[in-house]
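Report on the structure given below.
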Amino acid sequence: MQDTSFVIPLWADLTAVAIGGVQGAVYAAQFRDRRLDLLGVAIIGIASGLGGGLVRDIFLGRLPVALTDNWYVPAAVVAALLGMLLERVFTRLATVITVLDALTIGLFCAIGTSKALVLGLPAIPAIFLGTISAVGGTIVRDLLLSVPIAFMHVGSLYAVAAGVGATTLVILHAVGVPIFLAAIICVAVTFGLRVLAVFFNWTVPEQRRLERIPRLPRLRRTRPESR
Amino acid sequence: MQDTSFVIPLWADLTAVAIGGVQGAVYAAQFRDRRLDLLGVAIIGIASGLGGGLVRDIFLGRLPVALTDNWYVPAAVVAALLGMLLERVFTRLATVITVLDALTIGLFCAIGTSKALVLGLPAIPAIFLGTISAVGGTIVRDLLLSVPIAFMHVGSLYAVAAGVGATTLVILHAVGVPIFLAAIICVAVTFGLRVLAVFFNWTVPEQRRLERIPRLPRLRRTRPESR
Amino acid sequence: MQDTSFVIPLWADLTAVAIGGVQGAVYAAQFRDRRLDLLGVAIIGIASGLGGGLVRDIFLGRLPVALTDNWYVPAAVVAALLGMLLERVFTRLATVITVLDALTIGLFCAIGTSKALVLGLPAIPAIFLGTISAVGGTIVRDLLLSVPIAFMHVGSLYAVAAGVGATTLVILHAVGVPIFLAAIICVAVTFGLRVLAVFFNWTVPEQRRLERIPRLPRLRRTRPESR
């Protein structure tokens, strides 16, 4: 039998939540045409910081961890208000934010994947759940802000990084690596991929480019309205 | 006592999921102004194929079936990527898609309604849950694509077909028809209504048309800005 | 030990649901460019009337109350259809609607907060859940209507009123006030704040106004594009 309990320390979990909250506020501030009040910023902080964990636990049919402790909501709210006040600073520290954000994705991914494995979910659902945990916060954030879901569009390797990290964790766990060590490697892989993706501007192939492959010249002529 | 266990065979469930995935990809491809990458298409496939079942099980407070088995996520993803590659073919086979889609709605509706009945929910919540199961995938898909929710707008008899099908299942179950037979009739009713609605272009009365009924000429004059 | 059971009478719960349904229909009717059919109006009624309770119970990992009884869905649907037919009347009675609406927020807030306390959640998660219960219906409504989430934008003290009401309930409960009495005071506080906020046009400070505080004149010149 292997070690199946992976308990993240509360301070680490809260740090991830707070970084998510800061990021949400800085992200929301860029929409100059949308007037968010203090409450709106606090809500975006909660969505960005707690969204991933809430989605994870709702999918698992469990009481969300954020509802079992007094520290989660304040951590996200205070971080978001700080993010708003110091937006100008954070915008200049874009590199720092990218690095911290990649670390957060990695942490949420590792927590989600290992929680799924500990609860007995099969490999692929565990990867799915880990990925959802990593990107859930940005989905909830974008839904509440009524902006296009960031990770649906070209240029975002958020979910790919999380998916590869979660897959790594599941494989390592299957071959007998202790889950705590597997989780740390998962954080490292997700973090590394995400940071490299941002710095090297990697993208996933687009839908339209692929569609073009089977398009023959003859077919083009049947669509004169495309001119 | 009647037979209350309604277990859909895995292959049938996965077929419904795959058709949902194909549909999601073909639907997403029509938005030429939105650039979805391969990942986006996979996500829309998951949303369209698994969304209804996820929403159903989350409403029921149960671990989603799609998270208990390794086949669901890959079925939706592979179907969506196929749907993207063969989009041109599927677009020409619109009739085939409509028919398959109606079958999927019927299947999801029957599974959702009978699962609710088996879990002891009353009649009207069972109908509600069956309908949500049938349309949940399209709601999640449209939310992620940031497009207006399809079934909220005139011309879509999606939910009506599912609602009538679910009601039929609940009534048949109440009068003693075995749930498996009732479920098959539910699929047939939902399927038939949906296909007929598409071919005969049925719609539900609009909000504005109804509003006009109680409007008296005298009232019109009090609103000169309507000219 | 204190009295921890707070059971709202069914008629009161259904009244709150029905007022929510009416409000949803009247709200949806103002979007003249969006053509909702009868079904769409019924769905908005369900979203507005049941959304808060559904979100609350899904967050708690419980079977939603609305799925345990035959009356909830019809109450929301019938109320929404009535709201659509009588939209003209309700629009003139804007004051009545505002008052009823504030009462509904207060009721949902009190039910959500006390349910959380009864289930053993800590203070801050209970306040969070009560607030979500109060505003959840409007979030689901706006997501389905594809309009900006109302409570995210300046001028809406919806969530603040609910948050203050929920906080009052939690404090009163902590100092030994029976939960039923604490819930009634919560309804009164939320109701009062919301009504006063509407009549006196209170708002929360905006994000941009705060940002301006640390902005020095020197920094302005570095952004010539703002002219």
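Lettering follows sequence order; numbering is per chain, from 1.
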Given 3.5 Å as the limit, does a donor-acceptor pair link the side chain of Thr190(B) with the main chain of Val187(B), or not? no

Can you name the residues that form a side-chain contact (heavy atoms from CB on, under 4.5 Å) with Ile185(B), not counting sequence neighbours? Thr168(B), Leu172(B), Leu181(B), Val189(B)

Pairs involving residues 117-129 of chain C, ordered by first then second residue, that meet side chain to side chain donor-acceptor pair (under 3.5 Å) (sequence neighbours left out): none

Can you find a pair of side-chain heavy atoms, one from Val177(B) and one from Ile171(B), that are under 4.5 Å apart? no

What residues of residues 49-62 of chain C sit under 4.5 Å from chain B when only non-hydrogen atoms are counted? Leu54(C), Ile58(C)

N/O donor to acceptor pairs below 3.5 angstrom from side-chain atoms of residues 8-22 of chain C, sequence neighbours left out:
{"from": "Asp13(C)", "atom 1": "OD2", "to": "Tyr72(C)", "atom 2": "OH", "distance (Å)": "2.5"}
{"from": "Thr15(C)", "atom 1": "OG1", "to": "Trp11(C)", "atom 2": "O", "distance (Å)": "2.6"}

Picking from Val73(C), Asp69(C), Leu67(C), which has the most non-hydrogen pairs under 4.5 angstrom with chain B? Leu67(C)

Does the side chain of Arg141(B) reach to within under 4.5 Å of the side chain of Thr138(B), using non-hydrogen atoms? yes

Proximal component of Ala42(C), with respect to chain B [non-hydrogen, under 4.5 Å]: neither

Quick one: are Leu121(B) and Phe128(B) in side-chain contact, heavy atoms under 4.5 Å? no

Just by modelled atom types, is the Gly45(C) backbone N or O under 3.5 Å from a matching donor or acceptor in the Ser48(C) side chain? no

Could you have a look at Gly120(B), Ala126(B), Gly163(B), Ala123(B) and say which one has the most heavy-atom pairs with chain C under 4.5 angstrom? Ala123(B)

Quick check on Leu119(B) against chain C: is it the side chain, the backbone, both or neither that has a heavy atom closer than 4.5 Å? neither

